[in-house]
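Encoded as structure tokens, the structure appears first; notes follow it.
Naming convention: chains lettered A, B, ... in sequence-line order (proteins, then strands); numbering from 1 in each chain.
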Amino acid sequence: MLLIKLAWRNLWRSRRRTWITISSVIFAVILALFLQSMDYGSQELMVQNTVRFTTGYAQIQDTLYQDEPNLDNAMVADDAFMAEIVEKFTDIEYVVPRLESVMLVAGEIKSRVGFVSGISPKNEHRFNGIKDRLEAGEFFNQEEGGAVIGTELAKNLDLSLGDSLVLFGQGFQGSMAAGKYVIVGLVRHPVPDFNSRIVFLQLHEAQWLFDAYDRLTHLKLVPKKMRHAHRLVSAVNAEESLSGYRAYTWEELQPELVQTIAFDRAGTLIFLLILYIVIGFGIFGTILTMTLEREKEFGMLISIGMLRGRLATVVFLETLIINFLGVLLGVLVAFPILIYFYYNPISLGAGLEEMMAEYGMEAILPFSLNPQIFVQQALIVFGISMVIVLYPLVRIARLDVLQASRK
Amino acid sequence: MPVIKTKQLFKIYNEDTVPVYAVNNISVEFQQREFTCVVGPSGSGKSTLLNLIGGLDSPTRGTVEVAGHRIDEMTENQRINFRLNHIGFVFQYFNLIPVLTAYENAAFIMQLQGKPEKEIRERVKTLLVQVGLEKRMNSRPSELSGGEQQRVAVVRALASKPDFILADEPTANLDTKSAFNLLDIMKRLNEEEGITFLFSTHDQRVIDRAGRVVTLVDGGLQHDTEKGK
């Protein structure tokens with residue numbers, strides 16, 4: 001208690017200096033949180049944009065499909081199976097079925113290798129809003145069949161709305177798959193590679209085409225909260241009744257995206273390191289002054305019988321309190337700012353809007369409120385300050401009492 | 001039994017090059033209840049001798065025995081603990097803790113010793129009354145005069161009932177009135193409570209009140225005079 005009282009009183013012997021130190025910690029925390037939140041926000045948006053038009057956050061496949069992605073390894077998944085999955089795993093909001101394969105896509109004159117994707121139009125649109133990207137026609141009518149194809153594919157094959165195309169390839173277990181479809185819609189797929197290859201069919205049409213009734217190549221699991229995707233995948237993989245299936249997270253399905261994010265984070269880390277160094281020296285300057293100013297007093301305290309360890313504890317407590325206050329106030333100040341930007345992301349301007357929309361992205365700098373950011377940054381800044389406190393501790397340990405007393 | 005005993009005590013700086021004898025072969029004893037001054041010109045070794053006796057410095061050779069303990073053989077932490085429990089210090093520049101009140105400064109050593117709060121309160125308040133500071137207990141050092149600060153320092157040194165008090169030029173920064181006041185208090189504590197005082201000083205006012213005067217010259221003991229003998 002004596003040591004705490006002494007530490008607390010010492011803090012306020014020079015209010016201005018203490019507040020300057022606390023302010024530098026507050027500033028460090030706010031800036032680090034701001035940078036990290038923006039970084040995480042951008043990455044979350046990038047993942048969201050990429051994942052929703054590709055693999056989804058999580059998906060179930062046949063255990064063999066990941067290594068050999070062909071129709072023969074499509075899993076059995078009828079409506080009852082899908083309903084059971086949704087019912088069994090409470091983290092799932094809904095599921096998005098897919099039956100996909102590569103086929104030859106032929107127009108009247110030209111042909112190309114295309115990517116045929118059998119979808120449930122309603123769930124697909126719910127998941128990624130694909131219907132909003134329709135350039136012409138309609139995105140499937142329940143009564144009518146037909147195909148919706150990428151605008152770039154249509155351009156490459158000299159096809160337009162109302163024209164027919166022929167799909168030709170291999171179906172389930174070596175069966176021949178061939179069909180002729182009327183183009184009912186043209187969609188601008190945000191992923192350029194898909195836009196030049198994609199042919200959407202309704203799921204039952206694709207199952208008929210591939211002779212793969214009640215089969216899916218994969219089932220996307222849409223979690224109620226995106227951050228629960230990992231938990232969901234673990235739960236699915238732990239379920240005994242699903243032993244012939246395997247669930248994957250988007251990280252497992254898109255390692256290249258994970259690498260992109262890691263690279264992006266490395267860039268931010270460099271900025272953060274510079275920030276940490278600048279702030280660290282700021283705090284160190286104050287601690288250095290405080291230590292040198294009080295050496296005579298330290299000498300006196302040791303002379304009258306205060307063990308160096310107890311004296312070091314007092315100085316440690318002083319720094320601990322300063323840093324705790326700084327980190328706490330920093331988080332408290334930063335939190336409302338980040339909440340504001342979370343709901344009102346920074347706009348990148350009208351010029352970029354159109355270009356980014358082409359890729360299915362919004363022209364904004366989004367922010368994240370991921371709790372990990374707050375914990376991580378608070379701990380890092382706190383850790384830096386705790387490293388700095390080593391200086392006065394070492395100084396006290398090595399203090400020459402007689403020399404200090406003469407100062 | 002003497003409370004302090006040094007035997008063939010040396011403190012030599014630069015022993016391997018040009019040796020400087022700060023303390024040169026001093027063997028001396030100080031008895032309980034003594035009120036002793038160590039005097040001598042600047043550089044004579046007064047402060048060094050007190051530092052050796054107080055365990056703030058280590059001798060080059062010789063022994064220092066305080067209250068039956070060889071402090072020259074102790075580790076640093078043992079010496080700090082020994083100082084805490086056996087020696088009271090009064091410094092030239094008062095050296096109070098600026099963030100604590102007069103009462104808290106005076107109670108500081110007893111708190112370090114872990115004494116019960118009730119015992120601390122009774123002891124410290126009694127001493128502060130004895131030195132005339134009962135109305136300044138809640139004042140911080142910056143609100144006290146030099147004389148008042150030094151009286152607080154004396155109470156701090158006395159509160160834990162040490163074996164003796166080492167005072168290094170305690171009146172050097174005091175005006176005449178404050179110095180006399182402080183000396184009266186210390187003399188009274190010496191006579192009434194049997195507290196042993198050992199001063200280093202140039203101040204004739206202190207020397208005049210001392211029962212024994214030890215004179216050092218060039219680190220060596222020149223005279224050791226007890227008044228009335």
Side-chain angles (χ1 to χ4, degrees), chain A residues 1-19 21 289-322 392-407, chain B residues 11 13 22 47-48 50-52 54-58 75-101 104-115 117 120 140-142 153-154 156-160 162 165-169:
Chain A
M1 199 60 201
L2 172 69
L3 303 187
I4 295 172
K5 181 171 81 177
L6 201 55
W8 181 254
R9 297 265 185 92
N10 278 334
L11 276 186
W12 305 111
R13 67 162 66 180
S14 172
R15 285 171 190 273
R16 190 184 299 173
R17 186 174 58 203
T18 300
W19 277 116
T21 315
T289 313
M290 180 205 80
T291 308
L292 295 178
E293 268 180 15
R294 288 167 61 191
E295 280 201 344
K296 183 181 170 72
E297 185 182 317
F298 292 162
M300 178 273 291
L301 287 167
I302 295 169
S303 296
I304 62 173
M306 191 171 195
L307 286 168
R308 288 172 196 263
R310 297 180 95 174
L311 183 55
T313 305
V314 173
V315 175
F316 178 76
L317 284 172
E318 289 170 25
T319 317
L320 189 74
I321 295 168
I322 283 182
L393 299 189
V394 169
R395 195 89 189 177
I396 287 168
R398 293 179 176 175
L399 189 73
D400 183 326
V401 175
L402 290 176
Q403 274 193 0
S405 303
R406 284 186 204 117
K407 282 184 179 176
Chain B
K11 182 67 186 180
Y13 296 105
S47 293
T48 307
L50 259 62
N51 288 337
L52 292 170
L56 295 172
D57 204 355
S58 303
T75 63
E76 212 230 344
N77 273 356
Q78 285 173 332
R79 274 189 281 154
I80 293 174
N81 267 324
F82 188 82
R83 288 200 294 269
L84 177 67
N85 294 301
H86 294 273
I87 308 173
F89 285 90
V90 178
F91 301 97
Q92 181 178 345
Y93 294 103
F94 325 136
N95 279 350
L96 298 178
I97 302 165
V99 294
L100 300 182
T101 63
E104 288 166 337
N105 263 291
F108 187 72
I109 289 181
M110 289 185 82
Q111 286 180 321
L112 282 181
Q113 288 175 325
K115 294 272 168 63
E117 200 54 45
I120 295 172
R140 296 239 174 142
S142 58
V154 169
R156 178 177 69 184
L158 278 171
S160 61
I165 288 180
L166 283 180
D168 190 6
E169 309 261 11

Could you tell me which portion of B/I109 (side chain, backbone, both or neither) has an atom closer than 4.5 angstrom to a non-hydrogen atom of chain A? side chain
Tell me, for B/N95 versus chain A, whether the close heavy atoms (under 4.5 Å) come from the side chain, the backbone, both or neither. both
Under 4.5 Å from any heavy atom of chain A - which part of B/E76: side chain
Supply the atom-to-atom distance B/K115 NZ to B/I120 CD1, rounded to the nearest 0.5 angstrom. 8.0 Å
Can you measure from CD1 (A/I304) to CD1 (B/I80) and round to the nearest 0.5 angstrom? 11.5 Å
Residue B/R79 versus chain A: region with a heavy atom under 4.5 Å: neither
Turns out that what part of A/L307 lies under 4.5 Å from chain B's heavy atoms comes down to both
If you define the side chain from C-beta out and look only at heavy atoms, does anything of B/F89 sit under 4.5 Å from A/M300? no
Check each atom of B/I87 against the heavy atoms of chain A and say whether the ones under 4.5 Å are side chain, backbone, both or neither. neither
Relative to each other, are the rings of A/W12 and A/W8 parallel, tilted or perpendicular (30° and 60° limits)? perpendicular
Can a salt bridge be assigned to the pair A/R294 and A/E318 using a cut-off of 4.0 Å between side-chain N and carboxylate O? yes
